[in-house]
Amino acid sequence: MNTRERFLKIMNFQQADKLPIIEVESYEGDTLKRWYREGLPENRSVVDFLGMDRIEYVPINFNIIPGFETKLIHDDAEYRTEVNSMGITVRYRKDRGMIYSYLDHPVKNRDDWNRIKERLNPEDPNRYPQNWETDLINYYNNADHPIGLTLHPFFFRMVFFMMGMQRFMTSFYDHPDLIHDMFEYCADFCLATIQKLFDAVHIDFVAIAEDLAYKHSSHISPSMYREFWFPHQRKVLDFLKSKGVSVIGLWSSGDIRPILPLAIECGYNATWPLEDVTEINAVELFREYGKSLGLIGNIGIQTLIRGKEYIKRDIETKVLPLLETGGYIPTVDDMTPPEVPFENYAYYIELLKKIGMVHN
């Protein structure tokens, strides 16, 4: 049994010969810099060096094309402020490239949105890899590891990027027709963009990246989700099911529990990364939703920072109870930050390998 088969077996609540050791998130650049100093060879990837399993995403570009011209606004010892390719004015901390704040956004009214639509042309050849041809298609179809697709930015992420959080949230009340138009266009754009992919490649899983929640709850109410997401999102999920995608995951940070029942009703059958800081627990989710919801993630960043005793406890309380049931693959619940020592991460991976093999 290869990694692709193991992934699909487990995510469909079936037995596999061992646990796949994968990450759906990645590692911050500063994390790798630290790990190179702590024993990771600079010419080796984390996956290769630690003997992990591969997971791969087909690189389809759903961003605006052409992008906005980048423009430097301010630069000092601590911060850099610029207009990025999405037309967003962003401030970066120089000592931590992943930390940023959004200062301005390109869409303030319907006219602005209509101009953005011109940059969301599904027929643009730059949306697919330059070497999109028979050899690459055959590679994806015959790969021995899971091949997935991420729809990003999707509804929430796309409109948040375009409008900013405050204008986006108030527009549900002040300009609901505009939000419906933006969601409808995003859905049709995604469907038109991926048609060529699904005509050629069998995709094992699709992750729809939304980030619908924060630490304590979802950004939107269940009624808002039903009113604004259902009419437009459902046709995307129905298309994916018609193409034989067996794992359709809602990829969202934060506490998405308030909208999970509706997400399942709409057509999702999986979710990740199950951020531990929100007190989401994979075992409790399985008890509540059973085989209607596959799970990935839930190994907390703070767990990896604190050390081996905490890592062992997380695996004993979250992973071991779900080995028999299937439907759960443990991974880190966010991009691994530089506060995580390489020794701790390597211990976590080795422990997963041991319990995955002992189980069988």
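Under the 30°/60° scheme for interplanar angles, the aromatic rings of W229 and F172 are found to lie parallel. Using cut-offs of 30° and 60° on the angle between ring planes, the pair F205 and F7 is tilted.
Residues P273 and S253 approach most closely at CD-N, 4.4 Å, considering heavy atoms. When every heavy atom of V319 is checked against every heavy atom of P330, the shortest pair comes out as CG2-CB, 3.7 Å. Here the closest non-hydrogen pair linking M335 and E28 is CE-N, 4.0 Å. G290 approaches F13 most closely through the heavy-atom pair O-CZ, 3.5 Å. When every heavy atom of A187 is checked against every heavy atom of H232, the shortest pair comes out as CB-O, 3.5 Å.
The pair D30-K33 counts as a salt bridge, with a side-chain nitrogen and a carboxylate oxygen less than 4.0 angstrom apart. Between R115 and D112 there is a salt bridge, since a side-chain N of the basic residue sits under 4.0 Å from a carboxylate O of the acidic one. By the 4.0 Å N-to-carboxylate-O rule, D188 lies too far from K117 to be salt-bridged with it. Using a 4.0 Å cut-off between a side-chain N of Lys or Arg and a carboxylate O of Asp or Glu, D75 and K94 qualify as a salt bridge. Under 4.0 Å is where a charged nitrogen must lie from a carboxylate oxygen, and between R234 and D238 no such pair does. Remark: E82 engages R80 in a salt bridge, criterion side-chain N to carboxylate O under 4.0 Å. Residues K353 and E350 are paired through a salt bridge, judged by an N-O separation under 4.0 Å between the basic side chain and the carboxylate. Salt-bridge formation is not detected for the pair K215/E275: no Lys NZ or Arg NE/NH1/NH2 atom is positioned less than 4.0 Å from an Asp or Glu carboxylate oxygen.
Sparse packing is recorded around CD of E343, with 12 or fewer heavy atoms of other residues, nucleotides or ligands lying under 6.0 Å away. K235 NZ: more than 12 foreign heavy atoms inside a 6.0 Å radius. Within 6.0 Å of CD on E279 lie no more than 12 heavy atoms contributed by other residues, nucleotides or ligands.
Contact of the W132 side chain with the L197 side chain is registered, since non-hydrogen atoms from C-beta on lie closer than 4.5 Å. At least one side-chain heavy atom of I248 sits less than 4.5 Å from a side-chain heavy atom of N269. Side-chain contact check for I349 versus M52: some heavy-atom pair is nearer than 4.5 Å. M162 is listed as a side-chain neighbour of M86, based on a closest heavy-atom distance under 4.5 Å. Under the 4.5 Å side-chain criterion, counting only non-hydrogen atoms from C-beta, L351 is not in contact with Y348. Using a 4.5 Å cut-off on side-chain heavy atoms (C-beta onward), L295 and W272 make no contact. Residues I147 and I203 form a side-chain contact, since some pair of their non-hydrogen atoms from C-beta on lies under 4.5 Å apart. Between V245 and F198, the closest side-chain pair of non-hydrogen atoms falls below 4.5 Å.
Using a 4.5 Å cut-off between side-chain heavy atoms of Ile, Leu, Val, Met, Phe, Trp and Tyr, with links allowed through other members, Y185 and I65 fall into different hydrophobic clusters. Residues I73 and Y102 do not share a hydrophobic cluster, clusters being chains of Ile/Leu/Val/Met/Phe/Trp/Tyr side chains in contact below 4.5 Å. No continuous path of hydrophobic side-chain contacts links M169 to Y214 [ILVMFWY only; heavy atoms under 4.5 Å]. L323 and M1 fall into different hydrophobic clusters, defined by Ile, Leu, Val, Met, Phe, Trp and Tyr side-chain heavy atoms under 4.5 Å apart, directly or through other members. V90 and V83 fall into different hydrophobic clusters, where Ile, Leu, Val, Met, Phe, Trp and Tyr side chains are chained together by heavy-atom contacts under 4.5 Å.
A donor-acceptor pair under 3.5 Å is absent between the side-chain atoms of R44 and the main chain of L50, judged by distance alone. Of the possible donor and acceptor atoms, none in the side chain of D333 sits under 3.5 Å from a partner among the backbone N and O of G297. Side-chain atoms of D53 do not come within 3.5 Å of backbone N or O of I22 as any donor-acceptor pair. Formation of a donor-acceptor pair under 3.5 Å by the E5 side chain with backbone atoms of N2 is found in this model. Between the side chain of N344 and the main chain of V340, no donor-acceptor pair closer than 3.5 Å is present. Listed for the E23 side chain is a donor-acceptor partner under 3.5 Å among the backbone atoms of V332. Under a 3.5 Å cut-off, the side chain of E324 and the backbone N or O of Q15 do not form any donor-acceptor pair. A donor-acceptor contact shorter than 3.5 Å links the side chain of Y128 to the backbone of T193. Here the side chain of S252 pairs a donor or acceptor atom with the backbone of L212 at under 3.5 angstrom.
For an aromatic pair to be called close, the ring centres must be under 6.0 Å apart, and F342 with Y345 fails this.
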**OP:** Would you please test F168 and F156 for ring pair (Phe, Tyr, Trp, His ring centres under 6.0 Å) and show each step?
**Re:** CA-CA 9 Å; F168 182 20; F156 192 93; 5.1 Å; yes

**OP:** Show your working on ring pair (Phe, Tyr, Trp, His ring centres under 6.0 Å) between F228 and H180 and close with a plain yes or no.
**Re:** CA-CA 6 Å; F228 290 94; H180 274 296; 4.6 Å; yes

**OP:** In sequence, state the C-alpha distance, the side-chain angles, and the governing distance for F286 and Y328, and then conclude on ring pair (Phe, Tyr, Trp, His ring centres under 6.0 Å).
**Re:** CA-CA 9 Å; F286 174 77; Y328 172 56; 9.8 Å; no

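For the residue pair N126 and D124, a side-chain donor N or O sits within less than 3.5 Å of a side-chain acceptor on the partner. At a cut-off of 3.5 Å, with distance as the only test, no side-chain donor of E265 or Y225 sits close to an acceptor on the other residue.
Cation-pi geometry between K308 and Y347 is met: the NZ or CZ atom falls under 6.0 Å from the ring centre, inside 45° of the normal. Cation-pi check for R119 over F68 is met; the charged atom lies under 6.0 angstrom from the ring centroid and within 45 degrees of its normal.
In this structure, CG in D334 is found 11.0 Å from CD in Q302, a value given to the nearest 0.5 Å. With values rounded to the nearest 0.5 angstrom, K108 atom NZ is found 5.5 Å from R167 atom CZ.
Residues meeting the side-chain contact (heavy atoms from CB on, under 4.5 Å) test with Q14, sequence neighbours left out: K9, N12.
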